[in-house]
There are 2 protein chains.
Amino acid sequence: MSRQRAKDSATSPENASPRGARPSRGTVTLSDVAKLAGVSAMTVSRVLNRPETVAAETVETVRKAIARTGYVPNLLAGGLATTRTKLVAAIVPTISGSIFAACIQSLTDRLEIAGYQMLLGLSGYPAAREEGLINAILSRRPDALFLTGTSHSAQSRRRLRGAKIPIVETWDLSTRPIDMAVGFSHARVGRDTAQFLFDKGYRRFAVIGAEDERAKIRWRSYLATLTELGVTDVASITTPAPTNLWMGRDGLGKLLGEGFTQGAIFCSSDALAHGVLLEAQARGLSVPGDIAVVGFGDLDFAAFTVPALTTVRIDRFAVGRLAAELILARLAGERVAEKTIDVGFQIIEREST
Amino acid sequence: MSRQRAKDSATSPENASPRGARPSRGTVTLSDVAKLAGVSAMTVSRVLNRPETVAAETVETVRKAIARTGYVPNLLAGGLATTRTKLVAAIVPTISGSIFAACIQSLTDRLEIAGYQMLLGLSGYPAAREEGLINAILSRRPDALFLTGTSHSAQSRRRLRGAKIPIVETWDLSTRPIDMAVGFSHARVGRDTAQFLFDKGYRRFAVIGAEDERAKIRWRSYLATLTELGVTDVASITTPAPTNLWMGRDGLGKLLGEGFTQGAIFCSSDALAHGVLLEAQARGLSVPGDIAVVGFGDLDFAAFTVPALTTVRIDRFAVGRLAAELILARLAGERVAEKTIDVGFQIIEREST
DNA sequence: CCTCCGCATGTTAGCGTTAACATTGCCTGC
DNA sequence: GCAGGCAATGTTAACGCTAACATGCGGAGG
């Protein structure tokens, strides 16, 4: 034993503790279990991590000792030693709006099966806290990362690359991903919606759009497509993100104020669209007679508004699930051929158009 | 230098590494930064954690070195050394149903300000995975814990107590909490709802109740209160949790099948209640003429169903926020006088009753 | 009967950080 | 002019675990 210990420190008085000495913490550790089981700490570690390498009898003894001591492993220490933390971090703007909640749910469910835990970061709208959050999260050395959107600061991108872990960027495919991506084309959503409404015969258009990165891509593409189709003079209202029903009511009020009393309105979210429906009802406008409404998201209530809402459906559970699969495949050492998955979208036609 | 290093190991051939030696990891560490800045690792650590104890000039130099190296601290190592991880874990049954999402949102938002990160565990319905989850989560040595419900297995309670960290149990106040609690009385919700409907003059009653721990307390208390009020023969339907709209439609169908064509129905959730409203409409029943409906949760859509839903409102953001405050107070070393907070509830009377 | 192999277990050192002291130099006060 | 104190920085060991080797032992093969 070459290290100096308190007991063989002859130069200091009996009770003085050596440099670096700390009070005992009183928590049960591997070696406590080992002592009780009459084996080495390493054997206990093996019982926990690769029991098949330990004799059945020994496993039994050790398991009993673990139970008796109430030992709870310390994954900080384990992670430090192995550089594998069994942690996956996810950053989403917000979780209370249910659109990302579904995603996180399926992601977490899948990862939990594989023994991974979820570190959750909420970056807010706009992703103001993202940079700091990425830093804080990388400090915990997660094994993989789930991000929302593909636009990050240069600094963030550098850090993310430097982390050398699987990274899935979701919801968007417009920028070249850092590593992997699961999402769909927001530009195509805008274009297809415009075309859909045009094909249905509408000739007057409006948009109530959130000032969110991805929402912007959608309604700008919608506007651009309408221009291509020869439609000029599209009324547009913007609202901050996250959106809610009241912003929708308010939005329709503003549109009416601008003289938009007839035509089709593309809303950035189902919540906005729902607000528009209610405001229309309150004002005695007929839907889709006077105005037609398209939402985005196909949240649970969309099928049950009155009239039922035409909207764009995204399989948000699939986003989480597929992201989990990509991550797990990579963590299992497999090479992922398709690093970008387009989950697509569907325009669900109901009564509001 | 008393420790044996590869270079002074004379007994082994030139290139053989000693026992325990590992390949270098190539990540930037504190001492890399220290070397570049020409100070000791400890000084760098101080710059990061308590810069006020370091000379301004040194801070400057070190900060530059940190930036130049792209150093990302390792909180696993830090946490191991300090036993403080700046991690708070939360376990909720599910997050996609928006009721707990709101809670987690406000909790995370508040904790993030204080520099804590969120470790999220989803235990499912019924809390099947709770025990394993608690174990996995405690392995990460969180500084505090946020739990849903107050009923945990004996094993779990022991482990939780043993963790010696602040624990907030939420949504329920019916059992004696392990440590702290933020919630309300589900029994009182059931009782007050029954009384409310009785006072409104209804004399025939039904319930569509989820088989969830807390929901059960509500509808059992509702049934018990009705019995006290002299009402016998209450029709009751149970559904698995988590509930959805379709279960509500189905539930009303079953009630009608049992001959319940008139009276008041207490539903375990707004989703169920919404389903009931839609099924009633589909079947040409008038609400509240034929049947009256009360939901639970006051989710965003509740005010906008047709007819608008009478329901029980819980301030779910408050649950998260108050839990965060309790946790932060305790982590700041303050003694918390009120360890149990009743956030109460409100019966919101709308058109469906 | 000896060698060799492979299984079960042990030993050592290191993962990257920080607590707890130690040290150094400078300034204050008498 | 010197003790004493404080401010800034350094040194050591420890946190609890596991990778990478080392060791010991029993049995198969010659």
Side-chain angles (χ1 to χ4, degrees), chain A residues 1-6 9 11-12 16-34 37-59 61-62 71-85 139-141, chain B residues 1-6 9 12 16-34 37-59 61-62 71-85 139 141:
Chain A
M1 192 184 284
S2 68
R3 289 199 196 173
Q4 193 182 31
R5 279 283 154 87
S9 159
T11 55
S12 47
S17 43
R19 282 182 178 181
R22 299 173 192 197
S24 157
R25 281 177 186 169
T27 59
V28 181
T29 68
L30 258 194
S31 43
D32 294 328
V33 176
V39 297
S40 73
M42 197 58 224
T43 299
V44 180
S45 171
R46 289 197 183 99
V47 168
L48 291 168
N49 301 312
R50 287 150 59 232
E52 72 280 5
T53 65
V54 178
E57 201 183 359
T58 312
V59 170
T61 319
V62 170
Y71 171 67
V72 179
N74 185 328
L75 251 53
L76 295 176
L80 182 58
T82 57
T83 51
R84 278 172 298 102
T85 51
S139 299
R140 307 204 182 264
R141 301 291 189 266
Chain B
M1 193 184 282
S2 68
R3 288 200 196 171
Q4 194 183 31
R5 280 283 155 87
S9 159
S12 47
S17 42
R19 281 184 178 180
R22 299 173 193 198
S24 157
R25 281 177 185 171
T27 59
V28 182
T29 70
L30 259 194
S31 44
D32 293 328
V33 177
V39 297
S40 73
M42 196 60 223
T43 299
V44 179
S45 172
R46 288 196 183 100
V47 168
L48 290 167
N49 300 313
R50 288 149 60 232
E52 71 281 3
T53 66
V54 178
E57 203 184 359
T58 313
V59 171
T61 319
V62 171
Y71 171 68
V72 179
N74 185 329
L75 251 52
L76 295 176
L80 181 58
T82 58
T83 52
R84 279 172 297 101
T85 51
S139 299
R141 301 292 189 265

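Chain identifiers are assigned alphabetically (A, B, ...) following the order of the sequence lines, protein sequences preceding nucleic acid strands; residue numbering begins at 1 within each chain.
Once rounded to the nearest 0.5 Å, the distance linking OG1 of A:Thr58 with CZ of A:Arg46 reads 11.0 Å. A distance of 7.5 Å separates OG1 of B:Thr27 from CG of B:Asp32, quoted to the nearest 0.5 Å.
D:dC17 atom C1' lies 9 Å from atom CE of A:Met42, rounded to whole Å. Between the CG atom of A:Leu30 and the P atom of C:dC15 there is a distance of 19 Å, given to the nearest Å. Atom P of nucleotide D:dC15 and atom CZ of B:Arg141 are separated by 14 Å, given to the nearest angstrom. Rounded to whole Å, atom P of D:dG16 lies 9 Å from atom CG of A:Asp32. The nearest whole Å value for the distance from the CG atom in B:Asn74 to the P atom in D:dC15 is 18 Å. In this entry the distance linking CG of B:Leu76 with P of C:dT17 reads 10 Å, nearest Å.
Comparing C:dT11, D:dT11, C:dG16 by their nearest atom to the side chain of A:Leu80 picks out C:dG16. Among the nucleotides D:dC15, D:dC17, C:dA19, the one closest to the side chain of B:Ala81 is D:dC15. Nearest nucleotide to the A:Thr27 side chain, out of D:dG16, D:dT18, C:dG16: D:dG16. With distances taken from any side-chain atom of B:Thr58 to the nucleotides D:dT18, D:dA8, C:dT17, the minimum falls on D:dA8.
DNA chain C lies under 4.0 Å from at least one heavy atom of each of the following residues of residues 45-55 of chain A: A:Arg46, A:Val54, A:Ala55.
Nucleic acid contact class of A:Arg84 (heavy atoms, under 4.0 Å, all strands): sugar-phosphate only. Within 4.0 Å of A:Ser40, counting heavy atoms only, lies at least one base atom of the nucleic acid.
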Below 3.5 Å, can you tabulate the donor-acceptor pairs from side chains in residues 48-57 of chain B to any protein atom, sequence neighbours excluded?
unit_1: B:Asn49; atom_1: ND2; unit_2: B:Ser45; atom_2: O; d: 3.1
unit_1: B:Asn49; atom_1: ND2; unit_2: B:Ser45; atom_2: OG; d: 3.4
unit_1: B:Thr53; atom_1: OG1; unit_2: B:Arg50; atom_2: O; d: 2.8

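Scanning both residues, A:Ser40 and A:Ala34, for their nearest heavy atoms gives C-CB, 3.6 Å. Heavy atoms only, all atoms of each residue included: B:Val62 and B:Val39 are closest at CG2-CG2, 4.0 Å. Summarising the geometry of A:Leu76 relative to B:Leu80, their closest heavy-atom pair is CD1-N, 4.0 Å, with the distance given to 0.1 Å. Taking every heavy atom of both residues into account, B:Val28 and B:Tyr71 meet most closely at O-CD1, 3.5 Å. Considering every non-hydrogen atom in both A:Thr85 and A:Leu75, the closest pair reads O-CD2, 4.3 Å.
Phosphate contact (OP1/OP2 of C:dA19, side-chain N/O of B:Thr82, threshold under 4.0 Å): absent.
Defining each end axis of the helix from C:dC1-D:dG30 to C:dC30-D:dG1 as the rotation carrying four pairs' C1' atoms onto the next four, with five pairs an end, the two axes are found to diverge by 40° to 10 degrees.
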